[in-house]
A.B. asks: 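First, the structure itself, so that you have it in front of you.
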Amino acid sequence: MTIGKQTVAVIDYGMGNLHSVASALSHVAPEQNVVVTSDPAVVAAADRVVFPGVGAIRDCMAEIKRLGFDKLLREQIATGKPVLGICVGMQALMDHSEENGGVDCIGILSGKVRFFGENHTDSTGAHLKVPHMGWNQVHHNDHPLWVGIEQDSRFYFVHSFYILADDASQVAATCDYGVQFHAALTRGNLFAVQFHPEKSHTAGLQLLKNFLHWDGRN
């Protein structure tokens, strides 16, 4: 666990509800300095990094690469500082997405981002709306970011594409929406979630609080 005043950099590449994320972070850890920034120097100087995102992956990846944030993220993860990816920020960390006809992503985590499909159904054949929007149970492992969060707690999702990671050891949580997908992944000091913790009330705020006091170790 960490102590003292620290700086949390929320990466701004023009894609994401950054005010909501930053407000939630400040709420759970008012003693920490939360900065929304597109300045690589500010990100590099921060004690921990949040990588959010919403919208189409093609547009997100275009801005990430234009700004050099793909290289920046690799460098920041390599330092050992805690890094949290959220929603499309998580998807951008994967190898490839089926969205927009197929888009290569950053490739820090190995796996694919797949489309639920136009005619998505559950195991009984009942129709499921796409995008997957609303509250769903998350089944998690014993990673430090789940401390104080009950098993199968509900988190808020908004997505039409889901992640299947290649490495089962990196799966930190799963969720079922007609298909079981990976709702959270981790590798070393990197943790990424498909849901929106900033919109997930008590459980989501607890996860953000855990992240802001996490030392980056499993």
A.B. asks: Of all residues at least two apart in sequence or in a different chain, which pass the side chain to side chain contact (heavy atoms under 4.5 Å, CB included) check with C105?
C.D. replies: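 With sequence neighbours excluded, C105 shows a side chain to side chain contact (heavy atoms under 4.5 Å, CB included) to I57, M61, S97, given in chain and number order.
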
A.B. asks: Taking atom types as modelled, is there a side-chain donor on Q194 or Q91 under 3.5 Å from an acceptor on the other?
C.D. replies: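 Side-chain D/A pair, Q194 to Q91: present.
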
A.B. asks: Apply side chain to side chain contact (heavy atoms under 4.5 Å, CB included) to A172 and list each qualifying residue two or more places apart in sequence or on a separate chain.
C.D. replies: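 A172 satisfies side chain to side chain contact (heavy atoms under 4.5 Å, CB included) with N141, W146, A184, T186, F191 once adjacent residues are dropped.
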
A.B. asks: Applying side chain to side chain contact (heavy atoms under 4.5 Å, CB included), name anything that partners S160, two or more places apart in sequence or on another chain.
C.D. replies: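 Once residues adjacent in sequence are excluded, the partners of S160 under the side chain to side chain contact (heavy atoms under 4.5 Å, CB included) criterion are F115, V130, P131.
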
A.B. asks: Under 4.5 Å between side-chain heavy atoms, counting indirect links through other Ile/Leu/Val/Met/Phe/Trp/Tyr residues: same cluster for L164 and I108 or not?
C.D. replies: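 Yes, one cluster joins them.
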
A.B. asks: Is the side chain of K199 donor-acceptor paired with the backbone N or O of G204 at a distance under 3.5 Å, no angle test?
C.D. replies: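 A pair under 3.5 Å: no.
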
A.B. asks: Donor-acceptor pair, distance only, cut-off 3.5 Å: does the side chain of R48 make one with the backbone of W214?
C.D. replies: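 Yes.
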
A.B. asks: Which pairs count as ring-ring contact (aromatic ring centres under 6.0 Å, His included) when at least one residue sits in residues 77-99, sequence neighbours excluded?
C.D. replies: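 Listed once each, the pairs would be none.
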
A.B. asks: Would you say Y156 and I149 are hydrophobically clustered, going by side-chain heavy atoms of ILVMFWY under 4.5 Å?
C.D. replies: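 No, no single cluster joins them.
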
A.B. asks: Can you pull the side chain to side chain donor-acceptor pair (under 3.5 Å) pairs that have at least one residue in residues 54-63, sequence neighbours excluded?
C.D. replies: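 Only E63-R66 qualify under side chain to side chain donor-acceptor pair (under 3.5 Å).
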
A.B. asks: Taking only residues two or more places apart in sequence, or in another chain, which ones meet D152 in a side-chain hydrogen bond (donor to acceptor under 3.5 Å, both in side chains)?
C.D. replies: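 With sequence neighbours excluded, D152 shows a side-chain hydrogen bond (donor to acceptor under 3.5 Å, both in side chains) to H139, given in chain and number order.
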
A.B. asks: Just by distance, do the side chain of N33 and the backbone of Q6 share a donor-acceptor pair under 3.5 Å?
C.D. replies: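 Side chain of N33 to backbone of Q6: no pair is present.
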
A.B. asks: Are the side chain of K81 and the backbone N or O of V49 linked by a donor-acceptor pair below 3.5 Å?
C.D. replies: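 Checking the backbone N and O of V49 against the side chain of K81, no donor-acceptor pair under 3.5 Å is found.
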
A.B. asks: Spell out, yes or no, whether V179 and V171 are grouped together once hydrophobic residues are joined by side-chain heavy atoms under 4.5 Å, including indirect joins.
C.D. replies: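 Linked within one cluster.
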
A.B. asks: Should H140 and L145 be marked as a side-chain contact (heavy atoms from CB on, under 4.5 Å) after you check the CA-CA gap, both sets of side-chain angles, and the distance that decides it?
C.D. replies: CA-CA 10 Å; H140 60 72; L145 262 66; over 6 Å; no

A.B. asks: Quick one: hydrophobic cluster around V35, which other residues, with the 4.5 Å side-chain cut-off, linked directly or via members?
C.D. replies: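 In the cluster with V35 are V42.
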
A.B. asks: Working to the nearest 0.5 Å, report the span between CG of L205 and NE2 of H27.
C.D. replies: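 One gets 5.5 Å once the value is rounded to the nearest 0.5 Å.
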
A.B. asks: Could you tell me which non-hydrogen atom of N189 sits nearest to which non-hydrogen atom of Q76, and how far apart they are?
C.D. replies: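 Smallest interatomic distance, heavy atoms only, reads ND2-O, 4.3 Å.
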
A.B. asks: Run the side-chain contact (heavy atoms from CB on, under 4.5 Å) test on V43 and F69 for me, step by step, so that the C-alpha distance in whole Å, both residues' side-chain angles and the decisive distance to 0.1 Å come before the verdict.
C.D. replies: CA-CA 10 Å; V43 175; F69 286 165; 5.7 Å; no

A.B. asks: If you count heavy atoms of other groups shown closer than 6.0 angstrom to CD of E75, is the number above 12?
C.D. replies: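 Enclosed: over 12 neighbouring heavy atoms sit under 6.0 Å from CD of E75.
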
A.B. asks: To the nearest 0.5 Å, what is the distance between CD1 (I106) and CD1 (I64)?
C.D. replies: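 The CD1 atom of I64 is 4.5 Å from CD1 of I106, to the nearest 0.5 Å.
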
A.B. asks: Are the side chain of D12 and the backbone N or O of G14 linked by a donor-acceptor pair below 3.5 Å?
C.D. replies: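 Between the backbone of G14 and the side chain of D12 there is a qualifying donor-acceptor contact (under 3.5 Å).
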
A.B. asks: Should V103 and L67 be counted in the same cluster of Ile, Leu, Val, Met, Phe, Trp and Tyr side chains packed under 4.5 Å apart?
C.D. replies: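 Shared cluster, yes.
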
A.B. asks: Using the test side-chain hydrogen bond (donor to acceptor under 3.5 Å, both in side chains), find all partners of D122 that sit at least two apart in sequence or belong to another chain.
C.D. replies: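 D122 satisfies side-chain hydrogen bond (donor to acceptor under 3.5 Å, both in side chains) with T124 once adjacent residues are dropped.
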
A.B. asks: With sequence neighbours left out, what residues match P197 under side chain to side chain contact (heavy atoms under 4.5 Å, CB included)?
C.D. replies: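 By the side chain to side chain contact (heavy atoms under 4.5 Å, CB included) rule, P197 matches I86, V193, F195, L207, L208.
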
A.B. asks: Which ring-ring contact (aromatic ring centres under 6.0 Å, His included) pairs, counting each pair once, include a residue from residues 45-66, with sequence neighbours left out?
C.D. replies: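 Sorted result for residues 45-66: Y13-F51.
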
A.B. asks: Sequence neighbours left out, what pairs pass salt bridge (charged side-chain N to carboxylate O under 4.0 Å, His left out) with at least one residue falling in residues 153-170?
C.D. replies: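 Listed by first then second residue: nothing to list.
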
A.B. asks: To the nearest 0.5 Å, tell me how far S110 OG sits from R187 CZ.
C.D. replies: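 It is 9.5 Å, given to the nearest 0.5 Å.
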
A.B. asks: Yes or no on side-chain contact (heavy atoms from CB on, under 4.5 Å) for D47 and Q32, after CA distance, side-chain angles and deciding distance?
C.D. replies: CA-CA 10 Å; D47 298 287; Q32 297 200 25; over 6 Å; no

A.B. asks: Parallel, tilted or perpendicular for F181 and Y162, by the 30°/60° rule?
C.D. replies: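 Rings of F181 and Y162: tilted, 30 to 60°.
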
A.B. asks: In terms of the angle between their ring planes, are Y177 and H120 parallel, tilted or perpendicular, with boundaries placed at 30° and 60°?
C.D. replies: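 Correct class here is tilted.
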
A.B. asks: What about V50 and V158, same hydrophobic cluster or not, with Ile/Leu/Val/Met/Phe/Trp/Tyr joined at side-chain heavy-atom distances under 4.5 Å?
C.D. replies: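 No: no chain of side-chain contacts under 4.5 Å links V50 to V158.
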
A.B. asks: Answer yes or no: is there a donor N or O on one side and an acceptor on the other, between the side chain of H159 and the main chain of F161, under 3.5 Å?
C.D. replies: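 Between the backbone of F161 and the side chain of H159 there is a qualifying donor-acceptor contact (under 3.5 Å).
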
A.B. asks: Quick one: salt bridge (charged side-chain N to carboxylate O under 4.0 Å, His left out) pairs with a partner in residues 107-121, sequence neighbours left out?
C.D. replies: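 Every pair satisfying salt bridge (charged side-chain N to carboxylate O under 4.0 Å, His left out) with a residue in residues 107-121: E98-R114.
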
A.B. asks: To the closest 0.5 Å, what do you measure between CG (N119) and CG (L128)?
C.D. replies: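 Separation between the atoms: 11.0 Å.
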
A.B. asks: Does the pair V28 and F211 meet the rule for a side-chain contact (heavy atoms from CB on, under 4.5 Å), with working shown?
C.D. replies: CA-CA 10 Å; V28 298; F211 171 72; over 6 Å; no

A.B. asks: Counting heavy atoms not belonging to K209, are there more than 12 under 6.0 Å from its NZ?
C.D. replies: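 Not more than 12 within 6.0 Å, no.
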
